[in-house]
Amino acid sequence: MPSSNNKHHLKDYAPIVTAGVINEIEELARLLGPAKIVNVNSTKEGGGVAEILGWFIPILEDLGMTIEWKVITGNTEFFTITKKFHNALHGQPEEFTQEMFDSYLDNVGKNAPPIPDDADFVVIHDPQPVAMIAQYPNRSNSWAWRCHIDLSEADLRVWGFLRPFVERYDGAVFHLPQYTKNLMSPQFILPPAIDPLAPKNEELTDDEVTAILYRLGVPRDKRIILQVARFDRLKDPFGAIRAFKLIRNWYDCRLILAGGSATDDPESQAVLAEVQDMAGDDPDIHILNLPPDSHREINALQRAAAVVIQNSRREGFGLTVTEAMWKAKPVVGTDIGGIRHQIIHGTSGFLIHSVEGLAYRIRQLFGNPEMARRFGIQAREYVRNNLLVPHHIRRWLLVFHSLKQKGNDDLITLSPQKVTP
Amino acid sequence: MAKPFHFFTEQGIVYYSGYKADNLRSLLTGLRGVPSSSIFYHLYHSLLRRHFTTTDYMNDFAQWVWGVLWQKTLGEKLASFDPLEFTRLRDARARLIEIVDDYVGETEYFLRVSEEQAFYFLCIKSFVYPTGVSAASLPELMQAIQIISPHSLFYHLIESRLRLREPSNDLSDWLKTELDMPDLAATINVLSPYEYNLEELRNKIMAAIQDAIK
């Protein structure tokens with residue numbers, strides 16, 4: 001998700017994705033008409049959904065839409081229960097009682113924000129407000145459930161409870177096909193996007209990169225291997241260190257593991273301590289525990305890297321991969337989920353299945369700078385054409401068009417003009 | 001005075017068909033059962049998604065069979081499948097089924113992959129609309145080709161053959177019938193997205209128009 005709430009206009013992206021692409025998105029919006037769209041989530045402060053809506057809403061307003069952003073309120077018990085829902089939908093073990101499900105429904109009944117009758121589209125984000133659709137049995141507008149969670153290993157009890165509500169929606173929207181469920185309504189695939197104009201992705205001069213790395217205590221005297229990820233076992237920083245030690249038999253280089261460790265997450269603190277312990281006093285391994293707003297620092301690190309790695313065991317989508325690809329870096333990542341979706345193996349990066357494979361592919365890229373350069377160019381073009389803010393806006397407009405059509409036809413002509421020259 | 005050529009575009013949103021494959025038999029089941037738009041998405045639209053590069057295997061079926069199932073022979077057969085030979089999706093689907101079915105008939109062992117590595121058959125809901133760009137002469141066409149999006153280029157070079165069920169693309173048809181330029185039409189019509197990516201095709205078309213203007 002774009003890492004900033006900086007408000008940009010769609011036209012600001014024309015130099016990046018071409019004016020032709022922007023014109024087509026504007027036309028798509030014009031053909032949809034001045035729709036009223038209501039978004040509902042659980043907070044306006046913090047979290048990925050609030051971050052997305054922060055840039056998404058101004059651009060849609062620019063395109064002539066009327067947007068309302070509402071939040072569902074609740075007491076501590078409600079958010080404790082929905083947090084457990086969240087964990088269980090991710091496949092983590094959680095205990096539930098019938099009282100918890102009843103309490104959730106009771107809160108939604110009392111605290112769901114009212115949806116205006118004149119709304120054309122209602123987008124409900126994540127599980128917290130999902131059940132509020134039951135309050136609108138006679139609705140005439142179109143509702144979509146935007147699921148930001150990987151449901152592939154969802155706890156059956158929680159999913160079984162939520163599913164009847166999800167089935168009432170006119171459509172559900174997921175990041176990847178692997179995250180879908182068998183539902184009666186259409187399940188749209190809408191990957192996330194990065195903002196090329198945000199501090200995390202904007203262009204930096206080489207001097208700026210050097211200055212930021214200097215401040216972080218990282219000399220630019222050797223090739224840099226970088227992994228950006230929170231300190232979490234699922235990101236396997238230990239495997240990254242093992243691979244680095246294999247590579248160092250051949251190439252003098254540095255490894256940077258950059259990420260954060262939330263203070264309210266004891267597990268991440270423990271992982272960070274273990275990683276630091278494994279790195280020991282090796283001066284070529286840099287463990288950077290960065291604050292959450294270190295966007296320019298991450299930007300500079302990605303630009304300074306010779307190779308970016310993502311050695312995750314599990315990954316939602318892997319926007320750090322997208323960010324690195326946008327900076328024309330060859331990425332070596334595990335062959336899973338969103339990473340596989342982004343890297344074209346042997347064309348824009350490498351997909352790997354082991355620490356040894358990781359080390360081998362990095363060596364290959366170090367030994368073939370021309371190949372690394374070529375991969376980087378391909379990677380940047382892939383992101384330019386698929387995973388930037390304008391594409392995200394375009395896909396949402398298409399979801400709205402689809403909901404409006406409501407039919408099963410897969411070819412729709414949005415013009416009175418005959419579709420021939 | 002030539003009738004102007006109006007550039008259209010195709011924008012599509014992807015949705016899950018409900019079919020997925022974890023081996024060759026379930027791939028075959030999917031190929032037989034999915035809506036036509038799924039065949040279109042995996043066979044043709046893949047050219048647009050990777051339009052900046054010519055990868056070894058441009059269609060999704062070949063990519064999965066080669067890269068995940070490690071069935072090299074079938075991967076090659078599927079990769080050599082040229083979707084531009086067909087003007088009907090049903091014919092393209094029938095040929096695909098034939099290729100996979102023949103291979104399945106000759107094979108004894110079927111590798112099954114994990115759910116994580118399964119092939120998800122996706123459909124695409126396509127919206128076609130005019131871009132507002134048009135051309136009535138070669139110089140105008142040159143300008144238009146420079147500014148249209150890859151989606152518009154894809155629509156006219158590749159998708160129009162299916163939509164109009166014509167063996168040639170609609171831009172070539174217009175050059176032939178409205179501008180009376182059969183040679184230029186033929187040059188553009190044989191440009192293959194299997195040999196060039198869409199940006200290279202754009203450059204090739206512009207070069208051909210430039211030659212014709214001279």
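Hydrogens, waters and symmetry mates are skipped; everything else that's a heavy atom, side chains included, is used. In what follows, chains are A, B, ... by sequence order, proteins preceding strands, each numbered from 1.
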Quiz item: Is it the backbone or the side chain of A:R340 that comes under 4.5 Å from a heavy atom of chain B, or both, or neither?
Solution: side chain
Practice problem: Starting at OG1 of A:T18, measure out to CD of B:Q146 and round the result to the nearest 0.5 Å. | Solution: 12.5 Å
Quiz prompt | Under 4.5 Å from any heavy atom of chain A - which part of B:L122 | solution = side chain
Practice problem: Please report the shortest heavy-atom distance between A:L398 and B:I13, naming the atom on each side. | Solution: CB-CB, 3.7 Å
Exercise. Could you tell me the separation between the CZ atom of B:F127 and the CG atom of A:D410, rounded to the nearest 0.5 Å?
Key: 9.0 Å
Quiz item: Does any heavy atom of chain B fall under 4.5 Å from the side chain of A:I336, the backbone, both, or neither of them?
Solution: both
Quiz item: Is atom NZ of B:K176 surrounded by more than 12 heavy atoms (other residues, nucleotides or ligands) closer than 6.0 Å?
Solution: no
Quiz item: If every non-hydrogen atom of B:E116 is compared with every non-hydrogen atom of A:G337, which pair is closest and at what distance?
Solution: OE2-N, 2.6 Å
Exercise. Go through the atoms of A:L183 and report whether side chain, backbone, both or neither lie under 4.5 Å from a heavy atom of chain B.
Key: neither
Quiz item: Are any of the side-chain heavy atoms of A:V17 and B:S149 separated by less than 4.5 Å?
Solution: no
Self-check item: Gap separating the CD atom of B:Q11 from the CD atom of A:E24, nearest 0.5 angstrom
Solution: 5.0 Å
Practice problem: Please look at A:E26 and chain B and tell me whether the side chain, the backbone, both or neither of the residue comes under 4.5 angstrom of a heavy atom of that chain. | Solution: neither
Quiz item: With a 4.5 angstrom heavy-atom cut-off, which part of B:Y15 approaches chain A: side chain, backbone, both or neither?
Solution: both
Quiz item: If you round to the nearest 0.5 Å, how far is OH of B:Y16 from CD of A:Q178?
Solution: 10.0 Å
Exercise. Find the distance between CD1 (A:I25) and OG1 (B:T9) and round it off to the nearest 0.5 Å.
Key: 10.0 Å
Exercise. Below 4.5 Å from any heavy atom of chain B, which atoms of A:N182 appear? Answer side chain, backbone, both or neither.
Key: side chain
Quiz item: Is it the backbone or the side chain of B:Q117 that comes under 4.5 Å from a heavy atom of chain A, or both, or neither?
Solution: both
Quiz item: Just how far is it from atom NE2 of A:H401 to atom OH of B:Y129, taken to the nearest 0.5 Å?
Solution: 7.5 Å
Quiz item: Of the backbone (N, CA, C, O) and the side chain (C-beta and beyond), which part of A:S402 lies under 4.5 Å from a heavy atom of chain B, both, or neither?
Solution: both
Practice problem: Let me know if B:S134 has heavy atoms under 4.5 Å from chain A in its side chain, its backbone, both or neither. | Solution: neither
Quiz item: More than 12 foreign heavy atoms under 6.0 Å from CD of B:E115: is that the case here?
Solution: no
